[in-house]
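Just below is one structure, and these are the notes that go with it.
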Amino acid sequence: MGLGNSQPKLYPGDILEFPGNNYFSHFGVYYGERDGVPYVAHLTIRDAETKLLLFGRAINASVKLDPLDVVGKKYRVKNYLDEKHPPRDFYVLIKPEIDEIMTKPVTFDILFNNSEHQATMFRYGVKKSEQIEKVYSKIVPTWKDLFEKKKI
């Protein structure tokens, strides 16, 4: 099954955003093709039971290489920090980092090490998560109000 004309041309090192629920998307880095199959490197939680994230953390996570259409049929390229941070060289830096980190356990943390943090770390060498910053900007003022009103 082809990607169709609607999808942009992908380059190794591109950050891909897979829309999730109303709050969170899943992110990965385009790794390139193997035998004509496009692959994505992404931070994923391995075991079903750890999907019940305790305080948004899962110890048993890892960076995996999966076929693009297994990760998601809908996606967009989201190289949103290119203006601020020059993308790092895929073959010199990103690919070896992906290949190495796949052999190690990784802690998933919704606030500090989610799939978006991992993707921006690969591409730019900088951890960033716009979606968490947006959630924070909504949550923190609410908490502040409640705190000032002595509700929490």
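Keep in mind it's a predicted model, so treat the numbers as computed, not measured.
- Contact annotation: the side chain of Asn114 never approaches that of Phe24 to less than 4.5 Å [non-hydrogen atoms, C-beta and beyond].
- Summarising the geometry, atom CG belonging to Leu10 is positioned 5.5 Å from atom OH belonging to Tyr30; distances are rounded to the nearest 0.5 Å.
- Using modelled atom types and a 3.5 Å distance limit, the side chains of Tyr31 and Asp99 yield a donor-acceptor pair.
- For Phe18, the ring-ring contact (aromatic ring centres under 6.0 Å, His included) partners at least two apart in sequence or on another chain are Tyr75.
- For residues 115-128, every residue pair satisfying the salt bridge (Lys or Arg N to Asp or Glu O under 4.0 Å) rule, not counting sequence neighbours, is listed here: Asp14-Arg123, Asp82-Arg123, Lys128-Glu133.
- Side-chain N or O atoms of Asn113 include one that pairs as donor or acceptor with a backbone N or O of Thr107 at under 3.5 Å.
- The side-chain heavy atoms of Val77 and Leu16, taken from C-beta on, include a pair separated by under 4.5 Å.
- Between the side chain of Glu97 and the backbone N or O of Phe122 there is no donor-acceptor pair closer than 3.5 Å.
- Lys84 is not listed as a side-chain neighbour of Val126, based on a closest heavy-atom distance of 4.5 Å or more.
- Hydrophobic clustering of Ile, Leu, Val, Met, Phe, Trp and Tyr side chains at less than 4.5 Å, counting indirect connections, unites Tyr91 with Val63.
- Between Asp89 atom CG and Lys95 atom NZ the span is 12.0 Å, to the nearest 0.5 Å.
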Checklist line | Steps toward side chain to side chain contact (heavy atoms under 4.5 Å, CB included) verdict (Ile110, Ile132) | finding: CA-CA 8 Å; Ile110 195 82; Ile132 291 298; 4.1 Å; yes

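- Atoms CD and OG, from Gln118 and Ser62 in turn, are 10.0 Å apart once rounded to the nearest 0.5 Å.
- In this structure, Val40 and Asp66 have side chains that are not in contact, with every pair of non-hydrogen atoms separated by 4.5 Å or more.
- Side-chain atoms of Ser115 and His42, non-hydrogen and from C-beta on, never get closer than 4.5 Å to each other.
- Legend: residues meeting ring-ring contact (aromatic ring centres under 6.0 Å, His included) with His117, ordered by chain and number and at least two apart, are absent.
- Atoms OH and CD, from Tyr39 and Glu33 in turn, are 10.5 Å apart once rounded to the nearest 0.5 Å.
- You'll find the side chain of Tyr80 reaches within 4.5 Å of the side chain of Thr120, heavy atoms only.
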